[in-house]
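Here's the structure we're looking at; comments come further down.
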Amino acid sequence: MDVRAEAAKVLKERKRQAVIGWRVWRRLQKAMKAAGGFDRERDVIVVAVPEDPDGEALALLHMEHFAKTYGGRVFFCSSNPLASKLLPVFFKDAVCLAASAEEIEALECLAQLVKFCGRLRFASVSHPFGRIGERMIGVKGITEDEVFAIGACSLWKYERPVLPGYSGENSDIRDYLKKAKRILKEKTDEAA
């Protein structure tokens with residue numbers, strides 16, 4: 001297969017994914033409307049990328065920071081079935097939006113082709129495809145958490161996140177908090 005035919009095939013698949021991504025976006029808009037609406041000037045949508053579970057944990061740790069930075073509500077979109085239970089532990093005022101891993105991938109594809117929402121943030125230093133934030137890690141002492149917060153999520157004034165306390169009985173949440181604690185230590189101390 002020649003280069004042109006291969007490029008045409010890839011472009012056709014990307015366009016197909018983007019159309020699916022648009023349908024996902026419309027469904028998420030309806031869910032946000034049902035939750036009280038989305039203010040394009042103040043609210044932010046944080047999408048947890050299934051291929052980057054550490055990014056999801058960092059996003060949850062920065063939930064309050066998102067609300068302070070953007071001045072509005074935080075909508076958190078995740079394919080993690082535990083997300084709706086985790087979110088109130090990290091930040092009570094955020095709204096959880098569920099999507100499958102395939103839907104999030106299609107939404108990423110749409111975001112790569114068209115800038116349709118300036119308040120959409122993907123919780124990853126390497127996704128959507130083409131992000132090169134991971135190259136900055138370790139340069140002049142920069143940690144992955146700083147690259148994530150400032151670069152990927154546009155949280156311009158960096159604040160080191162604090163792990164929330166949890167005294168509940170849910171073992172899945174306790175296990176996730178242990179994982180988040182490990183990730184927080186790794187991602188904030190690795191450049192030191």
Side-chain angles (χ1 to χ4, degrees), residues 14-133 136 145-162 164:
R14 305 275 301 161
K15 284 170 57 178
R16 188 187 69 74
Q17 280 287 94
V19 168
I20 294 168
W22 184 252
R23 289 184 193 129
V24 171
W25 174 244
R26 297 296 297 156
R27 184 183 62 75
L28 292 176
Q29 283 182 310
K30 287 176 185 174
M32 289 185 290
K33 186 175 182 179
F38 177 71
D39 181 345
R40 286 185 161 276
E41 301 298 318
R42 298 173 33 110
D43 296 344
V44 63
I45 305 157
V46 181
V47 180
V49 179
E51 294 88 3
D52 189 356
D54 290 358
E56 177 186 54
L58 289 173
L60 286 167
L61 287 162
H62 281 283
M63 278 293 132
E64 190 172 340
H65 193 183
F66 276 110
K68 282 196 291 186
T69 299
Y70 291 98
R73 293 189 311 159
V74 180
F75 292 90
F76 183 66
C77 180
S78 177
S79 63
N80 183 344
L82 191 58
S84 63
K85 293 178 183 163
L86 287 168
L87 199 53
V89 173
F90 286 91
F91 187 64
K92 289 177 180 34
D93 295 332
V95 177
C96 190
L97 304 170
S100 70
E102 294 78 22
E103 288 175 325
I104 290 173
E105 185 179 334
L107 192 60
E108 277 186 83
C109 189
L110 175 64
Q112 289 173 318
L113 294 175
V114 181
K115 183 169 179 152
F116 58 94
C117 179
R119 295 299 184 126
L120 182 68
R121 301 290 180 259
F122 288 93
S124 176
V125 296
S126 59
H127 287 271
F129 176 76
R131 264 197 190 158
I132 56 171
M136 295 294 298
D145 185 51
E146 290 169 322
V147 171
F148 172 83
I150 297 167
C153 296
S154 302
L155 300 173
W156 302 117
K157 185 179 177 199
Y158 176 74
E159 295 176 15
R160 184 179 171 140
V162 177

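Below, each value reflects all heavy atoms present in this structure, side chains not excepted, and no hydrogens, waters or symmetry copies.
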Exercise for the section: Spell out, as yes or no, whether a donor-acceptor pair under 3.5 Å connects the side chain of H65 to the backbone of K157. Expected result: yes
Problem - Side-chain touch V89/L60, heavy atoms, less than 4.5 angstrom - result: no
Exercise for the section: Check step by step if side chain to side chain contact (heavy atoms under 4.5 Å, CB included) holds for V162 and L61. Expected result: CA-CA 7 Å; V162 177; L61 287 162; over 6 Å; no
Exercise for the section: Identify the heavy atoms of A18 and C109 that sit nearest to each other, and give their distance. Expected result: N-SG, 3.9 Å
Handout entry: Heavy-atom closest pair, residues P53 and P50
Key = CD-O, 3.9 Å
Problem - Electrostatic pair E41:R119 at N-O distance under 4.0 angstrom - result: no
Practice task
Identify the two heavy atoms, one from K115 and one from G118, that lie closest to each other, and give their separation to 0.1 Å.
Solution key: CE-CA, 4.0 Å
Exercise for the section: State, with a plain yes or no, whether a side-chain heavy atom of V49 is found less than 4.5 Å away from one of E108. Expected result: yes
Practice task
Could you tell me whether E159 and K68 have a side-chain N and a carboxylate O separated by less than 4.0 Å?
Solution key: yes
Handout entry: Step-by-step side chain to side chain contact (heavy atoms under 4.5 Å, CB included) determination, L155 to Y70
Key = CA-CA 8 Å; L155 300 173; Y70 291 98; 4.0 Å; yes
Exercise for the section: Verify side chain to side chain contact (heavy atoms under 4.5 Å, CB included) between R73 and D39, making sure each step is shown before the conclusion. Expected result: CA-CA 8 Å; R73 293 189 311 159; D39 181 345; over 6 Å; no
Practice task
State whether the side chain of R14 and the backbone N or O of Q112 hold a donor-acceptor pair below 3.5 Å, judged by distance alone.
Solution key: no
Handout entry: Beyond-backbone contact of V46 with V74, side-chain heavy atoms, under 4.5 angstrom
Key = yes
Exercise for the section: Calculate, to the nearest 0.5 Å, the distance between atoms CG and CD belonging to L107 and E102 respectively. Expected result: 13.0 Å
Problem - Intermediate values then yes/no, salt bridge (charged side-chain N to carboxylate O under 4.0 Å, His left out), E103 and R23 - result: CA-CA 9 Å; E103 288 175 325; R23 289 184 193 129; over 6 Å; no
Completion exercise
Heavy atoms of A48 and I104 approach each other most closely as O-CD1, 3.4 Å
Completion exercise
Taking every heavy atom of L28 against every heavy atom of A98, the minimum-distance pair comes out as CD2-O, 4.3 Å
Exercise for the section: State, with a plain yes or no, whether a side-chain heavy atom of F66 is found less than 4.5 Å away from one of F91. Expected result: no
Handout entry: Exercise: identify the closest heavy-atom pair between A99 and C77
Key = CB-SG, 3.7 Å
Handout entry: Beyond-backbone contact of V95 with F38, side-chain heavy atoms, under 4.5 angstrom
Key = no
Problem - Within-4.5 Å side-chain heavy-atom neighbours: Y158 and D145 - result: yes
Practice task
Would you check, one step at a time, whether the test side chain to side chain contact (heavy atoms under 4.5 Å, CB included) holds for C96 with F75?
Solution key: CA-CA 6 Å; C96 190; F75 292 90; over 6 Å; no
Problem - Atom pair NZ (K92) and CD (E64), whose distance is rounded to the nearest 0.5 Å - result: 10.5 Å
Exercise for the section: State, yes or no, whether a side-chain contact exists between I45 and R121 at a heavy-atom distance under 4.5 Å. Expected result: no
Exercise for the section: Measure the spacing between CD of E56 and CD of E51 and express it to the nearest 0.5 Å. Expected result: 12.0 Å
Problem - Pairwise side-chain contact, Q17 with L113, heavy-atom cut-off 4.5 Å (strictly under) - result: no
